[in-house]
Amino acid sequence: MKQIKSFILALLLIFTFTSYTFASNQNQPNLSQIYKNNDGSYIIVNIITIESKDSYNANSSMSTKSGTKNYSFYNSKSELQWIVSIHGTFNYNGSTSNCIKSSTSSQLINSTWKVKEAVASRKNNSAIGDFVVKHYMLGVPVQTKDVQLTLTCSPNGTLS
């Protein structure tokens, strides 16, 4: 009985260590925020850090971080309808940060929704995505969602 318990404990430790090692090498999302609408639909917003690297030049020590902020829209039946995203790349050094690149992307799960506008911009330490998403019934727009996503990098490299 002792050997079985020891074996199970050893397997648990191996699995835990392997899972932790695997997870540490993946792009990890930050905590998600959920926003509920009066009609039962809801939105999940999360941030994923994509890349972090150090780059040095003669004048200062800068680090670079890239990330994505996702806005996922679910209907009242908890069915994912669409996702819009802002991607940003930032330089930071502990006292300042700056957005050096921004872009948008979208994924339509339900074909009755269309992304009519997706504009990326950047301002200081923020990547900004402006989206217009429309819901169509029989070819007629019945609902419009205006979404502005802002991905910001703090001077120490924290994305929010």
Side chains of Ser97 and Phe90, heavy atoms from C-beta outward: is any pair under 4.5 Å? no

Min side-chain heavy-atom separation Phe73-Ile83 under 4.5 Å: no

Distance in Å, Ile34 CD1 paired with Lys36 NZ, rounded so as to fall on 0.5 Å steps: 7.0 Å

Taking all atoms of both residues into account, what is the closest heavy-atom pair of Leu80 and Ile109, and its distance? O-CG2, 3.3 Å

Taking atom types as modelled, is there a side-chain donor on Thr152 or Ser126 under 3.5 Å from an acceptor on the other? yes

Considering all heavy atoms, the nearest Asn93-Ser61 contact: CB-O, 3.2 Å

Polar side-chain atom of Asn37 near backbone of Asp39 as donor-acceptor pair, under 3.5 Å: no

Given 3.5 Å as the limit, does a donor-acceptor pair link the side chain of Asn75 with the main chain of Ser78, or not? yes

For a quick test of reading the model, state the closest non-hydrogen atom pair linking Thr104 to Ala120 and the distance between them. CG2-CB, 3.7 Å

Evaluate the side-chain proximity of Leu108 to Val115: yes if any heavy-atom separation is below 4.5 Å, no if none is. yes

Can you tell me if Thr68 and His87 form a side-chain donor-acceptor pair at under 3.5 Å? yes

Backbone N/O of Cys153 and side chain of Asn125: donor-acceptor pair under 3.5 Å: yes

Would you indicate whether the side-chain heavy atoms of Glu117 and Val119 approach each other to under 4.5 Å? yes

Kindly compute the distance separating CG (Asp146) from NZ (Lys116), expressed to the nearest 0.5 Å. 13.5 Å

Would a hydrophobic clustering, with Ile, Leu, Val, Met, Phe, Trp and Tyr connected at side-chain separations under 4.5 Å, put Leu151 with Val45? yes

ILVMFWY network linking Leu149 to Tyr74, side-chain heavy atoms under 4.5 angstrom: no

With no hydrogens and no angle check, do the side chains of Thr158 and Asn156 hold a donor and an acceptor under 3.5 Å apart? yes

Check for a donor-acceptor pair, side chain of Gln81 on one end and backbone N or O of Glu79 on the other, with a separation under 3.5 Å. yes

Do Thr64 and Asn91 pass the side-chain hydrogen bond (donor to acceptor under 3.5 Å, both in side chains) test, and can you show the C-alpha distance, the side-chain angles, and the key distance before you say yes or no? CA-CA 5 Å; Thr64 302; Asn91 282 340; 2.9 Å; yes

Single-linkage hydrophobic cluster Trp113~Met137, side-chain heavy atoms < 4.5 angstrom: no

Trp82 side chain near Tyr71 side chain, heavy-atom distance below 4.5 Å: yes

Candidate pair Lys65 and Thr49, rule side chain to side chain contact (heavy atoms under 4.5 Å, CB included), full reasoning: CA-CA 8 Å; Lys65 183 170 279 188; Thr49 300; 4.0 Å; yes

What distance separates Gln107 CD from Asn70 CG, expressed to the nearest 0.5 Å? 9.5 Å

Count I, L, V, M, F, W, Y as connected when their side-chain heavy atoms are under 4.5 Å apart, and connections chain through other members. Are Val133 and Ile43 then in the same cluster? yes

Side chain of Lys114, backbone of Ser111: donor and acceptor closer than 3.5 Å? yes

What is the minimum heavy-atom distance between Ile86 and Ser103, and which atoms define it? CD1-O, 3.3 Å

Can you check whether Ile128's main-chain N or O pairs, donor with acceptor, with Arg122's side chain at less than 3.5 Å? no

Measuring from Asn124:CG to Cys99:SG, what's the distance to the nearest 0.5 Å? 9.5 Å

Output yes when a side-chain donor or acceptor of Lys69 lies under 3.5 Å from a complementary backbone atom of Thr150, and no otherwise. yes

Just how far is it from atom CG of Leu159 to atom OH of Tyr92, taken to the nearest 0.5 Å? 8.5 Å

Polar side-chain atom of Lys101 near backbone of Gly88 as donor-acceptor pair, under 3.5 Å: no

When rounded to the nearest 0.5 angstrom, what is the spacing between OG in Ser76 and OH in Tyr42? 10.0 Å

